[in-house]
Amino acid sequence: MPLSWALIASLILAIAGYFAARGRAFAAAGPDIRRLHSRPTYHGYSVALTTLAPALAIMVIASFLRMTGVLAEQAGAYVGLVVTAAAVVGLVWGLTRIGIEYKARNTVERIVLGLLILCSTIAILTTAGIVLSLVFETGHFFQKYSWTEFFFGTNWTPRFQGNSNLGVLPLLWGTLYISLIALLVAVPIGMFAAIYMSEYASKRVRGIAKPAIEMLAGIPTIVYGLFALITVGPMLRDYFAQPLGLGNSGASVLTAGLVMGIMLIPFVSSLSDDIINAVPQSLRDGALGLGSTPSETIKQVVLPAALPGIVGAVLLAASRAIGETMIVVLGAGAAARMSLNPFEAMTTITVKIVSQLTGDNDFAAPETLVAFALGLTLFVITLALNIVALYIVRKYREQYE
Amino acid sequence: MYDTNRLENAVGQDDIKISARKVQVFYGDKHAIKDVDVDIQDKTVTAFIGPSGCGKSTFLRCINRMNDTIPIARIEGDIKLDGEDIYDKRVDPVQLRARIGMVFQKPNPFPKSIYDNVAYGPRIHGLSRNRAELDEIVERSLRGAALWNEVKDRLQEPGTGLSGGQQQRLCIARAVATSPEVLLMDEPCSALDPIATGQVEELIEQLRQEFSVVIVTHSMQQAARVSQKTAFFHLGNLVEYGDTDDIFTKPQDSRTEAYISGRIG
Amino acid sequence: MTDFPMPSDASRKPSKSSLLVADARTRKRNAAEKRFRAYGAGAIAIAMLALVILLTTIIGGGAGAFRQTYLSIPVALDAEVLDPKGNRDPAEMSKVLTLSYGRVLDAAVVEAVKANGIEIDGLTPKDMSGLISKEASAQLRNRVLADPELLGQTVDVNVLVNGRVDGYFKGRVTMESAAADGNTSPEQLKLANVLKEGGMLVTRFNWDFVTNPDASDQRPEAAGVGVAILGSLYMMLVVLFLAVPIGVAASIYLEEFAPKNRWTDIIEVNISNLAAVPSIVFGILGLAAFINFAGLPQSAPIVGGLVLTLMTLPTIIISTRAALKAVPPSIRDAALGVGASKMQSVFHHVLPLAMPGILTGTIIGLAQALGETAPLLLIGMVAFVREFPGAPLEGLFDPATALPVQIYNWTQRADPAFIERASGAIIVLLVFLLCMNVLAVILRRRFERRW
């Protein structure tokens, strides 16, 4: 790999440049080091940067051209040469600039600032990448499959030989049904837990309960998925679904919803905790001073005051639930179905993204491309929820600042 | 510590609403209130004065057991309301606070409408049987707090939208609405401008007709203006207690004199 | 002061009600208060119970993965079969497939049964040969190829036992279930019992689970998380070397240098939204951008690392900014006051002071990335990989898998023995996560500074 050799060569040149430049700066200063505008190390950094920067820039551009196919694979060696040459030119040019007057520190700081700005734009680039990749492939999908059938179709039956039904509604139904159950579990438990910990619990209880609940948050979702698969699913099937005659499937909406609810408890409780603590103590004192009990204070003063924040927290939790993948992959099943029976297996958008994109993918077939349309749908739903939630939470915080 | 004879005279004049004996308060290891004995009379404004950190607010919060809400606070000694020990095991602080209302330093209206703010206490304590009665209590309380004329047309607007002085009077109306027997006020004017302060002080004078009012203030002028009785606290001790006029004109204790003449504080 | 003239209670006007008696309404309200409190305590109890059940079922189910049943028998290594040319040339010998070694082992089992005088009604040769794992022949072959001198001798070998028999000793397989199972039989289990009593069959702790690569559907007893651990480690390295510098640099810019304008506003909103984008969407991005567009190989740790880098960046940026914000402005003013440039004040003073906070946030971000599964499924990490990836940097481009993906992979296998493996892999994953979190807590405690 000549490119990696070029990289190493440029690095060595840069290090050599650093020491050479420092030496030259000391020499230029003469006996009184204070005559230099910048300290010699800055001269060193400045030359090292002028050596490395052009080399790296050329390398990045070349790899990008290689990816897009403009450059052939054999061009690697030439690129390596160009990179090394650029490093040498940068080194020589940098060294000639050294002098008493030269503002090496300012140059270095400008370059570093430029790097910092570059890094901060990566977040934007990521979003752009997500949007572009989703929109682009979704466009391909809609050239092959009618968008009305996708958005309004109630049938999901992909077939290898083509002629598939790819309606999103059954998936959306499963997603929303499971998320609803998860929220029904997580919101009351999470909120009561937060209330109890912030208003009632003794220091000792808090010292045990808080880390325990935080631990729930640190457990990866695959673990929850396995829990749904081997414990919760069979338990619900054997003790509820079969005796009640409601189904024979371990994977079900209720299984996934319950386990996802457990996963969301710490999320809801930590958000609620922040929000409840943001309500000023003076309001609590006011209510207690009038003779209300602590629970009346919470129900009638603290919670109404915290309501916008709580709504925001619930929306954020909903967005989490909708985008959750592993729990539903292992706990909800794969059958696309629109039913009200919570003991039946149903499926979600995320499950189908996984099943359409794992294995051998044919990126010309609508059965594969549909995953991108599903991804875009998911992205838009969760983004909308997040924007609304963050807006509400931010407004709420401002109210008490 | 202070002149017992003068106190005996004072007791003879009026009913004693609250009597405190040997009250001690500890915050963790800190001994915040030491051996405080005081009798507070009915239909009187009693002012607690003293330099900041002297324990006057802490003692005030003992009277309606607001210190119960602070986990590290510990209280010893007796405080009696109408002869009943308020720290007795059988006493429910909730019931106690309905009889001893409190107004805080910073106006703290609930984020609800003006009406709901005032109606809050009567609702939780079940003081009204129907809407008409509640309306009447709200109106009476707002009139009592000298706020009725300013807000009668916008009772459904949020209480947080009022000006600072109006908010504090709303809080007073809120406290008055539960028909307490004692009203505790913890520096009620410290967050207000002079005009609003004047309005609240005027109000305190009226409130005295019906309640026993205890006010904590860091302003000696205010104490002199509104109170009939004054207690001077210093470093957790009750240094001197007596008629306001006496305290300000012929203090018995050198520390009181130093404080009112501005040498400590 | 003690003999105060106290007004006697009798002389007082009767007050409206005594404080010492709770009225009906107060009693009702206090009951409501108790109920409310009970709900809160109940919520905590439910959450903690869920945690306990979750951990006990997983750990209880996974502990078995660290114990394995082995059979030790003498095996006569027949040179005729294993080295037909007879010249002991490893190149020639490697042409002999595992199948032949399997036959040698089968014969050894039959021999051992006979030699020990074991007689069980209805015991078939298939039951006997099926006792040992299909992986055993490969193990034996490797041993012989490494040391051709063994040929012709009778050596004691210690081989893995079939997953069903192993499951029998762990309580997963019973005589009843064996009767209906094509892969084992009650006779085989009886034989195993006898061998166990004879001390030839032992269930003991095995490290192989942690070091072995994955194994195929037929041999759960040989499957391990070695490749997955290495793959996860490689991805964490990528995340560490990309996400941390980029995240810290971005935070420094946004917190210390960025002017308050529309552009910075957009970046900030963007970062907080990115933090809430479902992880699977990052998988789609990885598939579209890194594999389809940039042409990077599927299943490679580098791609997984890049995807996880993009995913953890917001977490790292948010926590780093909080750490920078916690450094009081007086520090910056002090540095600027002695003539340092803005850049110097940040790099010489603010950044070192914020370092503990940054490290804590980084470790938590890494822990999150380590447990992430969904995006990795989409970039082909779910493939069956038995070869260990090479050393970095080239090794980053070799196919590998990751711990959470390996867990998912095993849940999709038919043999229930893989569920035990999946739970065992979770124990490994949780141990790693626990270590990282403990490290974060220690860092926070050690360096926590209150301004």
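As the structure is a computational prediction, the values presented were derived from the model and not from experiment.
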Checklist outcome for this item: Residue from A:Thr358, A:Thr121, A:Ile130 scoring the most non-hydrogen pairs under 4.5 Å with chain C is A:Ile130

Next on the checklist: Quick check for you: among C:Leu377, C:Asn437, C:Val405, C:Leu54, which has the greatest number of heavy-atom pairs under 4.5 Å with chain A?
Outcome noted: C:Leu54

Checklist entry - When heavy-atom pairs shorter than 4.5 Å are enumerated against chain A, which of C:Gly295, C:Gly247, C:Ala41 gives the highest number? => result C:Ala41

Item to check | Contact class of C:Leu429 relative to chain A, heavy atoms under 4.5 angstrom | outcome: side chain

Checklist outcome for this item: In terms of heavy-atom pairs under 4.5 Å with chain C, the winner among A:Met191, A:Lys299, A:Arg320 is A:Lys299

Checklist entry - Within a strict 4.5 Å, meaning less than it, do heavy atoms of the A:Val112 and C:Phe347 side chains meet? => result yes

Next on the checklist: For the interface with chain C, which of A:Met215, A:Glu324, A:Glu296, A:Gln356 has the highest count of heavy-atom pairs at distances below 4.5 Å?
Outcome noted: A:Glu296

Next on the checklist: Are more than 12 heavy atoms, taken from residues, nucleotides or ligands other than A:Phe363, located less than 6.0 Å from that residue's CZ atom?
Outcome noted: yes

Item to check | Interface moiety of C:Ala367 toward chain A, non-hydrogen atoms closer than 4.5 Å | outcome: neither

Item to check | Which of C:Ser272, C:Ser341, C:Ser279 touches chain A most, by non-hydrogen pairs under 4.5 Å | outcome: C:Ser341

Next on the checklist: How about CZ on C:Arg413, more than 12 heavy atoms from neighbouring residues, nucleotides or ligands closer than 6.0 Å, or not?
Outcome noted: yes

Item to check | Region of A:Ile230 in contact with chain C, defined by heavy-atom distances below 4.5 Å | outcome: side chain

Next on the checklist: Please classify the contact of C:Ser423 with chain A as side chain, backbone, both or neither, using a heavy-atom distance under 4.5 Å.
Outcome noted: both

Checklist entry - Nearest 0.5 Å, what's the OG1-CG distance between C:Thr373 and C:Asn409? => result 11.5 Å

Checklist entry - Checking C:Leu430 against chain A: side chain, backbone, both or neither under 4.5 Å from a heavy atom? => result side chain

Checklist entry - Is it the side chain or the backbone of C:Leu434 that comes within 4.5 Å of chain A heavy atoms, both, or neither? => result neither

Item to check | Rounded distance [0.5 Å steps], OG1 in A:Thr382 versus CG in A:Leu316 | outcome: 11.0 Å

Checklist outcome for this item: Heaviest contributor of heavy-atom pairs below 4.5 Å to chain C, chosen from A:Leu125, A:Ile387, A:Val259, is A:Ile387

Item to check | Contact summary for A:Val185 and A:Ile262, nearest pair of heavy atoms | outcome: CG1-N, 4.4 Å

Item to check | Intermediate values then yes/no, salt bridge (Lys or Arg N to Asp or Glu O under 4.0 Å), A:Lys103 and A:Glu109 | outcome: CA-CA 10 Å; A:Lys103 298 180 172 173; A:Glu109 290 189 350; over 6 Å; no

Next on the checklist: Is A:Leu390 close to chain C through its backbone or its side chain, or both, or neither, when contacts mean heavy atoms under 4.5 Å?
Outcome noted: side chain

Next on the checklist: Do C:Ile44 and A:Lys210 have side chains that approach each other closer than 4.5 Å (heavy atoms only, starting at C-beta)?
Outcome noted: no

Checklist entry - Is chain A contacted by the side chain of C:Leu287, its backbone, both, or neither, given a heavy-atom distance below 4.5 Å? => result side chain

Next on the checklist: Between C:Asn261 and C:Thr264 (side chain of the first, backbone of the second, donor and acceptor by atom type, cut-off under 3.5 Å), is there such a pair?
Outcome noted: yes

Checklist entry - So, the side chain of A:Thr175 versus the backbone of A:Thr348: is there a donor-acceptor pair under 3.5 Å, distance only? => result no

Checklist entry - Side chains of C:Asn270 and A:Thr127: is there a donor and an acceptor less than 3.5 Å apart? => result yes

Checklist entry - Among C:Val277, C:Val281, C:Ile284, C:Leu296, which has the most heavy-atom pairs under 4.5 Å with chain A? => result C:Ile284

Checklist entry - Should we say atom OH of A:Tyr45 is surrounded by more than 12 heavy atoms from elsewhere, each under 6.0 Å from it? => result no

Checklist entry - How about A:Phe192 and C:Phe36: are their ring centroids closer than 6.0 Å? => result yes

Checklist entry - Using non-hydrogen atoms only, which part of C:Ala422 is less than 4.5 Å away from chain A: side chain, backbone, both, or neither? => result both

Item to check | Side chain, backbone, both or neither of C:Leu433 within contact of chain A (heavy atoms, under 4.5 Å) | outcome: side chain

Checklist entry - chain A heavy atoms under 4.5 Å from C:Asn292: which part of the residue, side chain, backbone, both or neither? => result side chain

Checklist entry - Of the backbone (N, CA, C, O) and the side chain (C-beta and beyond), which part of A:Ile124 lies under 4.5 Å from a heavy atom of chain C, both, or neither? => result both

Checklist entry - Is it the side chain or the backbone of A:Ile298 that comes within 4.5 Å of chain C heavy atoms, both, or neither? => result side chain

Next on the checklist: Quick check for you: among A:Thr350, A:Leu115, A:Ile122, which has the greatest number of heavy-atom pairs under 4.5 Å with chain C?
Outcome noted: A:Ile122

Next on the checklist: Could you check whether atom OH of A:Tyr391 has more than 12 heavy atoms from other residues, nucleotides or ligands sitting under 6.0 Å from it?
Outcome noted: no

Checklist entry - chain C heavy atoms under 4.5 Å from A:Val329: which part of the residue, side chain, backbone, both or neither? => result side chain

Checklist outcome for this item: When the 4.5 angstrom heavy-atom criterion is applied to C:Ile267 and chain A, the contacting part is both

Item to check | chain A contact via C:Leu313 - which portion, at a heavy-atom distance below 4.5 Å | outcome: side chain

Item to check | C:Ile46, part contacting chain A, at a heavy-atom distance under 4.5 Å | outcome: side chain

Next on the checklist: For chain A, which candidate among C:Ile271, C:Ile252, C:Ile58 shows the most heavy-atom pairs at distances under 4.5 Å?
Outcome noted: C:Ile58

Checklist outcome for this item: If you tally heavy-atom pairs under 4.5 Å between each of C:Gln412, C:Met48, C:Glu372, C:Arg37 and chain A, the highest tally belongs to C:Arg37

Item to check | C:Phe257 and C:Tyr253 aromatic ring geometry - parallel, tilted or perpendicular at 30°/60° bounds | outcome: parallel

Checklist entry - Can a donor-acceptor pair be found between the side chains of C:Thr312 and C:Gln368 at a distance below 3.5 Å? => result no

Checklist outcome for this item: Counting heavy-atom pairs under 4.5 Å with chain C, the top scorer among A:Pro294, A:Gly129, A:Ala212, A:Ala389 is A:Pro294

Checklist entry - Hey, are the side chains of A:Thr325 and A:Val351 touching, using non-hydrogen atoms and a 4.5 Å cut-off? => result no

Item to check | Interface moiety of A:Ala194 toward chain C, non-hydrogen atoms closer than 4.5 Å | outcome: neither

Checklist entry - Within the side chain of A:Ser319, is there an N or O that forms a donor-acceptor pair under 3.5 Å with the backbone of A:Leu385? => result no

Item to check | Portion of A:Leu357 that has a non-hydrogen atom of chain C nearer than 4.5 angstrom | outcome: both

